Amino acid sequence: MVTPVVTGLAWDTPLGRDREAVWTRLCAGESGLAPVESPHPLRNTLAGVVESVPYGTDSGKRQRVLAGRALAAAFADAGLSTTDPGVGLVLGTSFGASLDEEEPTLHAWADDAAAGIGHPGEPVCVMTACSAGADAIAVAHALVRSGQRRIVVAGGVDVVTEAKRLGHSALGTMSPTGIRAFDRTRDGMLLGEGAGFVVVEHPDSARERGARVYARLRGAGASNDAAGLTAPDPSGYAVVRAVRRCLASAGLAPADVAVVNAHGTGTPLNDEVEARSLLELFGSGENAPLVFATKGAFGHSLGATGALEAVATVLALRHRQVPPVVGLRDPAAPLRLATGSAHPVGAGVGLSLTLGFGGFNTCLLFEGMTA
């Protein structure tokens with residue numbers, strides 16, 4: 001089977017929309033989390049919202065605006081027309097705006113976003129909780145690798161809403177202080193929002209078009225631990241299985257991995273399970289891959305997070321550096337973590353790991369092409 005390539009990247013985040021400008025801010029250790037007023041009592045009012053789409057207005061409209069802007073940017077970055085019927089669309093989210101506002105269907109936002117950019121096709125909509133954005137890219141990988149599609153634009157979109165803020169506050173997953181992924185003092189996550197898309201293309205198509213190639217999408221793997229609605233299986237068995245499936249699909253071994261973009265929510269159990277899994281897979285010490293996480297900068301954008309992290313992984317490989325884990329001061333596990341400032345990345349491939357509510361574990365593997 002062929003190895004698909006990535007020919008377009010776009011994101012819309014609490015740190016901005018410009019791809020390289022956002023990356024620079026990430027590497028400088030900046031955070032887009034800020035106080036966001038709420039009429040309800042919450043554990044924390046900090047959230048990562050996209051300021052150019054004002055919070056407090058219609059959540060469904062905000063979701064569609066973020067989706068449309070990032071989709072159009074991804075098409076443009078790849079040199080594609082949004083009206084090309086040959087380009088497939090796979091869009092992911094968690095609940096989007098549907099917990100707060102009545103939607104005709106759970107996929108209506110995706111249909112509207114496609115129509116809004118003039119795309120004539122019907123998008124595939126993926127709703128696998130926090131893994132949705134990564135799963136959308138995994139579906140694109142399968143479609144292109146199998147020859148069913150030549151080009152697919154895939155990723156995720158999600159918005160901060162009052163229902164989500166109340167829900168995570170009530171669950172106790174929301175931090176009362178701030179996100180400190182993998183830190184001994186970690187006490188929870190904070191919500192964010194955004195959109196991220198990658199253009200996944202058959203290498204022959206990219207060659208014929210003379211398209212710029214950012215990376216090869218070498219593999220994808222997934223599992224479900226079925227342990228509960230919210231908490232992961234504490235053994236980490238299913239996380240390890242997803243990563244091993246991903247590596248096997250690419251014909252690679254753990255020793256080939258240079259960098260891991262971890263899920264890194266900052267919740268005590270999630271970080272513990274993820275750290276245990278990564279240590280089982282890669283060990284510790286200077287030969288282990290460099291681990292970073294972006295939720296301290298973006299917040300946890302739920303259905304969009306896997307897509308934003310996929311973009312960040314490609315950029316880390318392209319620029320040969322990773323941003324620091326915002327808030328991390330005292331690591332709780334012997335992982336090789338990016339602390340303090342941006343860190344250089346050595347040769348090898350990059351994994352993007354996403355762990356969702358409902359036991360969804362998804363892993364994507366990229367091989368970078370230097371700028």
Side-chain angles (χ1 to χ4, degrees), residues 4-27 30 32 48 50 66-67 69-78 89-93 126 130-141 152-158 192-201 212-218 220 259-264 292-323 338 342 345 349-354 362-371:
V5 295
V6 175
T7 56
L9 299 168
W11 56 10
D12 208 327
T13 79
L15 289 177
R17 284 193 278 164
D18 181 272
R19 185 183 63 243
E20 297 302 324
V22 172
W23 180 249
T24 297
R25 296 185 70 183
L26 275 177
C27 289
E30 294 186 37
V50 177
L66 287 173
R69 291 197 320 198
L71 274 173
F75 272 87
D77 190 54
L89 294 180
V90 185
L91 281 60
T93 196
V126 179
C130 311
S131 290
D135 282 332
I137 297 170
V139 170
H141 174 264
V152 180
V153 181
V157 188
D158 227 322
E193 66 184 10
F197 289 99
V198 301
V199 178
V200 181
E201 186 166 357
R212 170 183 49 195
V213 174
Y214 289 103
R216 296 181 181 92
L217 180 50
R218 292 288 302 270
V259 63
V260 174
N261 191 347
H263 193 57
F292 75 110
T294 59
K295 288 182 176 63
F298 292 151
H300 190 340
S301 53
L302 305 178
T305 193
L308 294 176
E309 289 162 4
V311 174
T313 304
V314 172
L315 292 176
L317 294 168
R318 186 170 179 81
H319 293 292
R320 290 294 185 92
Q321 67 172 352
V322 300
V345 173
V349 296
L351 284 178
S352 183
L353 182 59
T354 311
T362 305
C363 185
L364 302 171
L365 189 147
F366 297 93
E367 180 183 3
M369 314 288 283
T370 56

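Worth saying up front: this structure is predicted, and the values here are computed from it rather than measured.
- To the nearest 0.5 Å, atoms CG (Leu317) and OH (Tyr214) are separated by 14.0 Å.
- Between atom CD of residue Glu20 and atom CG of residue Leu26 there is a gap of 11.0 Å, rounded to the nearest 0.5 Å.
- Pairs of residues two or more places apart, or lying in two chains, that qualify as salt bridge (charged side-chain N to carboxylate O under 4.0 Å, His left out) and include a residue from residues 295-304 are Lys295-Glu309.
- Legend: residues meeting side chain to side chain contact (heavy atoms under 4.5 Å, CB included) with Ala78, ordered by chain and number and at least two apart, are Thr7, Leu80, Val199, Arg209.
- Applying the ring pair (Phe, Tyr, Trp, His ring centres under 6.0 Å) rule to Phe298 yields the partners Trp11; only residues at least two apart in sequence or on another chain are considered.
- Judged by distance alone, the side chain of Arg216 and the main-chain N or O of Val5 form no donor-acceptor pair under 3.5 Å.
- His300 contributes atom NE2, which lies 10.0 Å from atom OG1 of Thr294 (distance to the nearest 0.5 angstrom).
- Taking every heavy atom of both residues into account, Val311 and Ala10 meet most closely at CG2-O, 4.0 Å.
- Contact of the Val126 side chain with the Val90 side chain is registered, since non-hydrogen atoms from C-beta on lie closer than 4.5 Å.
- Interatomic distance, CG of Leu217 versus CD1 of Ile137, reported as 7.5 Å (0.5 Å rounding).
- Looking only at side-chain heavy atoms (C-beta outward), Val50 and Leu66 come within less than 4.5 Å of each other.
- Residues that satisfy the side chain to side chain contact (heavy atoms under 4.5 Å, CB included) test with Gln321, not counting sequence neighbours, are Trp23, Cys27, His319, Ala342.
- The salt bridge (Lys or Arg N to Asp or Glu O under 4.0 Å) test applied to Asp135 returns no partner, not counting sequence neighbours.
- When atom types are taken as modelled, the side chain of Arg212 and the backbone of Asp77 share a donor-acceptor pair closer than 3.5 angstrom.
- Nearest heavy atom pair, residue Ala67 against residue Phe197, reads O-CE1, 4.0 Å.
- A pairwise comparison of heavy atoms in Ala136 and Ala154 identifies O-CB, 3.5 Å as the closest pair.
- Side-chain contact between Phe366 and Val349 is absent, with no heavy-atom pair separated by less than 4.5 Å.
- Minimum heavy-atom separation, Thr354 to Cys130: CG2-O, 3.2 Å.
- Applying the side chain to side chain contact (heavy atoms under 4.5 Å, CB included) rule to Arg17 yields the partners Asp12, Arg69; only residues at least two apart in sequence or on another chain are considered.
- Nearest heavy atoms, Ala132 versus Thr93: CB-O, 3.1 Å.
- With sequence neighbours excluded, the residues that form a salt bridge (Lys or Arg N to Asp or Glu O under 4.0 Å) with Glu30 are Arg25.
- Contact between Ser301 and Asp158 at its shortest, heavy atoms only, is O-CB, 3.3 Å.
- Partners of Ala72 under the side chain to side chain contact (heavy atoms under 4.5 Å, CB included) rule, at least two apart in sequence or in another chain, are Ile117.
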Begin from the C-alpha positions of Val314 and Leu9 and carry the test side-chain contact (heavy atoms from CB on, under 4.5 Å) through to its verdict.
CA-CA 9 Å; Val314 172; Leu9 299 168; 3.8 Å; yes

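- One finds the CG atom of Leu71 at 6.0 Å from the CG atom of Leu89 (value rounded to the nearest 0.5 Å).
- Separation of atoms CD (Glu193) and OG1 (Thr305) is listed at 13.0 Å; rounding is to 0.5 Å.
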